Structure formats: structure tokens, C-alpha cells
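Accompanying notes for the structure given below.
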Amino acid sequence: MERSSFSRVGIILATAGSAVGLGNVWRFPFMAGQNGGAAFIFLYFGCILLLGIPGMISEFVIGRHGQSNAFRAYDTIAPHRHWRFVGYLGILTSTIILGFYAVVAGWCLQYLYASLRGELSGDVGYVQQYFQEFSSDPIKPCLWAIAFIGMTHVVIVKGVKGGIERASKILMPLLLVLLVVIVVASCLLPGAMEGVRFLLLPDFSKVSANVLLEALGQAFFSLSLGTACLCTYASYYSKETDLVAAAGQIALLDTVIAILAGLMIFPAAFSVGVEPDSGPSLIFITLPNVFQQAFAGLPAVGYIISVMFYALLVFAALTSTISMHEIGTAFFHEEMHLPRKKAAWVLTTVCSVLAIGCSLSIGAVDGLRIMGHTLLDFCDFLTAQLMLPAGAFLTSILLGWFAARQTLRNEFTNNGTLHEKLFPIWLCCVRYVVPICILLIFLHQFGVI
Ligand code: TRP
């Protein structure tokens with residue numbers, strides 16, 4: 001990242017832009033749907049509060065202290081160069097995420113295009129079949145995914161991120177408003193209350209270690225935690241930025257958007273008879289029904305809302321993919337001494353290849369499965385449930401046990417001017433709570449305890 005391309009306020013918006021994306025609108029509802037609804041959401045809140053917010057603050061502390069790209073930032077705060085390895089893990093993770101994320105973002109592009117052309121109208125069966133046919137096409141979704149990575153590439157290379165941040169000042173609130181409108185519309189559908197109940201009344205008999213790991217992975221994925229992505233952004237924060245408040249506000253915004261997305265999807269899904277555990281296709285087979293049925297009396301309104309919604313979703317996804325692309329591009333540029341353009345091309349190429357693989361694995365090519373999962377599902381599992389928690393675990397160990405206490409205190413409290421009382425609590429989370437919880441969840445998942 002050219003160190004001048006962000007304004008000081010823009011950078012907090014950029015961090016929020018990285019956090020808010022398909023993780024909230026696409027991944028959260030389908031994860032909640034597969035894991036029993038309310039019980040999952042309850043665990044998710046716990047993960048955000050106990051592990052997510054302290055983890056965000058940790059990355060902010062490292063980034064602002066380092067004032068440089070993530071690898072050097074880890075070097076600066078760590079006693080030993082070995083800790084760079086956490087930075088490398090972060091690049092690898094964010095590159096894999098970008099690979100499959102672009103496929104889903106590509107689906108959003110297709111839905112934007114299709115809704116503009118009015119192609120998404122028909123009954124529930126038609127909508128499901130539309131998604132099935134489109135997503136298993138060997139060519140179209142690949143092209144959309146590459147187009148999406150191309151858009152990200154252009155933003156990264158042209159250095160127009162500042163403009164994107166300014167635009168998000170308007171577009172992010174707009175997304176929020178639109179979500180609220182769609183939530184209301186969705187909740188007014190016949191039989192919708194069943195979906196609200198699913199989201200709000202927990203059934204803890206569904207909770208297993210696996211659900212816990214999924215909630216943990218979802219929390220980290222949604223907050224962009226565990227890949228040094230937040231650390232990169234925090235390197236642009238000013239000395240006056242209140243890191244604790246920033247983490248709290250971004251986590252709150254991110255959670256509110258996820259819950260709204262849930263309230264948008266489940267009432268409609270129950271109303272039209274889409275299974276809540278449909279997996280990655282959930283929002284794509286539910287939303288077109290909402291736009292049609294909820295606005296049946298006012299088709300023009302339904303049309304405008306659907307087009308706006310998909311456009312805003314594409315924008316939200318773009319502010320997230322920029323953050324993933326940036327980590328790798330900065331690495332190849334600043335550490336491998338490639339010109340920035342070439343560095344961006346390396347990343348774009350690798351991600352495009354991965355995206356094609358993920359896209360084909362959905363239906364066009366049968367063999368692209370790993371351990372019974374499609375490549376897309378496998379990459380999602382590998383990153384969200386293993387690599388992100390591992391990255392956050394190592395970062396916690398580094399800060400809690402190896403970094404200089406005074407440095408942490410200075411960054412956390414802005415040299416003793418803020419949140420003095422919270423520092424010991426955070427430190428306790430970073431030293432004990434975060435690593436122990438992640439370790440326990442891992443051990444339980446893999447049957448050791
Ligand atoms: N948080 C983003 C979302 O919810 C996805 C994302 C962007 C991300 N950057 C990341 C996830 C870095 C993990 C790591 O859509």
C-alpha cells in the first residue's frame with residue numbers, strides 16, 4: 001500500500017469495509033442455518049466478545065506499533081525474527097480466502113446482472129434451478145470470479161482506494177438502510193415468524209464441538225481476524241486513534257449487519273420453503289423470492305431494491321477483497337522487491353487459478369473434491385476453521401508472552417491517556433483466554449479431549 005493513499009478517517013472506514021462483506025451477508029446466514037440457528041448465534045456472540053475483540057486489538061497494537069507492512073510489524077514487536085512466520089501464514093490464508101471469496105462475489109455480480117435484466121423472476125423451484133444451473137456452468141461463474149478479481153486488481157494497482165473509502169461513507173449506511181427495509185419486507189411474508197423463532201430461540205441440544213469451531217471460525221472470518229489484515233490497516237492509524245474503541249465499534253457494526261442479514265434470510269426461507277441448511281447457496285436461492293413475493297404489489301419497487309441490494313453487496317465484497325489482495329501485494333512488493341504492479345499480478349494470477357478450481361468444483365467437474373468436500377467448501381473450512389484461529393492463536397502467544405509489556409501498554413492506552421483500567425483485562429485475555437479457548441476448541445474438534 002502506498003503509505004499516503006489513505007486519509008486518517010478513511011482508514012477506520014477501510015477497516016470496517018474489510019470486515020463487512022460476504023462474511024456477514026452470505027456466510028453468516030448459511031453457517032447459522034447449518035448449525036441450528038439461535039444456539040449458533042449465541043456462541044458466535046461469545047466468540048466475538050471474548051476472542052474477537054481482544055484479537056482485533058492485538059492486531060491493531062502490532063500494526064500501529066510497527067508502522068509498516070505486516071511482516072516488518074511482527075518483526076518490530078517480536079523478540080525474534082521467527083515470528084515473521086505468522087505474517088507468512090497470514091498471506092497464505094488471505095490468498096486462499098480471496099480465491100474462494102471471489103467465486104461467491106462473482107455469483108453476486110451475476111445476480112446483479114440478472115436482476116438488472118429481470119431474469120430472476122419465477123417460482124421457488126425456478127429460482128433454485130437457476131442457481132443450480134448457473135453455478136455449475138463450467139464457464140460463466142469462472143468469468144465472473146475473474147472479473148471480480150480484476151476489479152480488485154485495478155483498485156490495488158491504480159491506488160484509488162481513497163476514493164473507495166470516500167464512497168463507502170455513503171454506501172455503507174445505504175446498505176444498512178436497505179437491509180432494514182428488506183428485513184421488514186421479509187418478516188411480513190406469510191409464515192415468516194417461524195424463521196424469526198429459528199434465529200432467536202436457541203436449541204442447545206444442537207451444540208457440539210463442531211458448532212463451536214464453526215462459530216469461532218465465523219467470528220474470525222467476519223472480523224477479518226487472523227491474517228494480519230487488520231494489522232496492515234492499523235499501521236496507518238494515527239497515534240491518537242483509540243484502538244479499543246475502534247475494535248468495539250467495528251465489531252458492533254459487523255455483528256449488527258450479520259444479524260440483519262439473518263433476519264432478512266430466515267423469515268423468507270421459512271416462508272417460501274427453502275431449507276435453512278441449504279449451505280452456500282442459501283442467500284442465492286432465498287433472496288430472489290423475497291424481492292418478488294414481498295414486493296408483489298409493487299414490482300418496480302422490488303426491481304429497484306433488488307438491483308440496489310446486489311450492487312451494494314458487490315461493493316461490500318470489493319472493500320473486503322481489496323484488504324485480502326493488499327496483504328500479498330505488499331509482501332511481494334516490499335519484501336520480495338517486485339515492482340508493485342508485478343506484485344499485484346502475482347497475487348491476481350494465483351487467486352484466479354484457485355477461483356477457477358473452486359468454481360468448477362461446485363458442479364462442472366466432479367473430481368475436484370477433497371475429503372468429500374468441494375474445493376470451495378474445503379478452502380473455506382481450511383482457512384476459517386483452521387488457519388484463522390491458528391493465526392490468532394500465534395499472535396496472542398506472541399503478544400501475551402514474548403512482546404515487551406511496556407510497548408503493549410503504550411499502544412493500548414495511547415501512552416497512558418486512555419483505558420488504563422482495561423489494559424490488564426485485555427492482557428489477561430491475550431495471555432490466557434484467547435490461546436486456551438482456541439486450543440481447547442481445536443483439541444475437542446480433533447477428538448483429543
Ligand atoms: N471479513 C470479510 C467479510 O466478512 C472477509 C475478509 C476480508 C477477511 N479480509 C479478511 C477474512 C481477512 C479473513 C481475513 O466478508
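When a ligand or atom number is given, it counts from 1 through the structure's own listing order. Just the heavy atoms: all of them, side chains too, but no hydrogens, waters or symmetry mates, feed the values below. This structure is a prediction, so every number in the text was calculated from the model and none was measured.
No N or O atom of Cys229 sits closer than 3.5 Å to an N or O atom of ligand 1. Below 3.5 Å of separation, one finds an N or O of Gly23 facing an N or O of ligand 1. Distances between N or O atoms of Phe221 and those of ligand 1 include at least one value under 3.5 Å. Considering backbone and side-chain atoms together, Thr227 places no N or O closer than 3.5 Å to any N or O of ligand 1. For Leu388, no nitrogen or oxygen atom sits less than 3.5 Å from a nitrogen or oxygen atom of ligand 1, counting backbone and side chain alike.
Given atom 15 (O) of ligand 1, the protein heavy atom at minimum distance is Tyr101 OH, 2.5 Å. The shortest contact between atom 2 (C) of ligand 1 and any protein heavy atom is with Ser18 O, 3.1 Å. Residue, atom and distance of the protein heavy atom nearest to atom 13 (C) of ligand 1 are Ile97 CD1, 3.5 Å. Ranking the protein heavy atoms by distance from atom 4 (O) of ligand 1 puts Ala19 O, 2.8 Å first.
Evaluation of the side-chain hydrogen bond (donor to acceptor under 3.5 Å, both in side chains) rule for Thr321 yields Thr152 as partners, not counting sequence neighbours.
Taking a cut-off of under 4.0 Å to the non-hydrogen atoms of Ser323, the atoms of ligand 1 that pass are 7 (C), 9 (N). With ligand atoms numbered from 1 in the order given, ligand 1 contributes 1 (N), 4 (O) to contacts under 4.0 Å with heavy atoms of Ser222. Close approach to Asn24 involves these atoms of ligand 1, each under 4.0 Å from a residue heavy atom: 4 (O).
The closest side-chain donor-acceptor pair between Thr348 and His325 falls under 3.5 angstrom. Side-chain polar atoms of Tyr113 and Glu119 form no donor-acceptor pair below 3.5 angstrom.
Within a 6.0 Å sphere centred on CG of Leu201, other residues, nucleotides and ligands contribute more than 12 heavy atoms.
In Thr383, neither the side chain nor the backbone holds a heavy atom less than 4.0 Å from any atom of ligand 1.
Distances shorter than 4.0 angstrom do not occur between any heavy atom of Trp26 and any atom of ligand 1.
Note: Trp401 and Tyr432 have perpendicular aromatic rings, judged against thresholds of 30 and 60 degrees for the angle between ring planes.
With salt bridges taken as basic N to acidic carboxylate O contacts below 4.0 Å, none links Glu240 and Arg64. With respect to the salt-bridge test (charged N to carboxylate O, under 4.0 angstrom), the residues Lys239 and Glu411 qualify.
Side-chain N or O atoms of Thr286 include none that pairs as donor or acceptor with a backbone N or O of Ile283 at under 3.5 Å. At distances below 3.5 Å, at least one donor-acceptor pair connects side-chain atoms of Asn24 with backbone N or O atoms of Asp254.
With atom 8 (C) of ligand 1 as the reference point, the heavy atom nearest to it among Gly391, Ser94, Ser224, Ala258 is part of Ser224.
When each of Phe284, Trp26, Phe315, Trp144 is paired with Cys108, the side chain to side chain contact (heavy atoms under 4.5 Å, CB included) condition holds for Phe284 and for no other.
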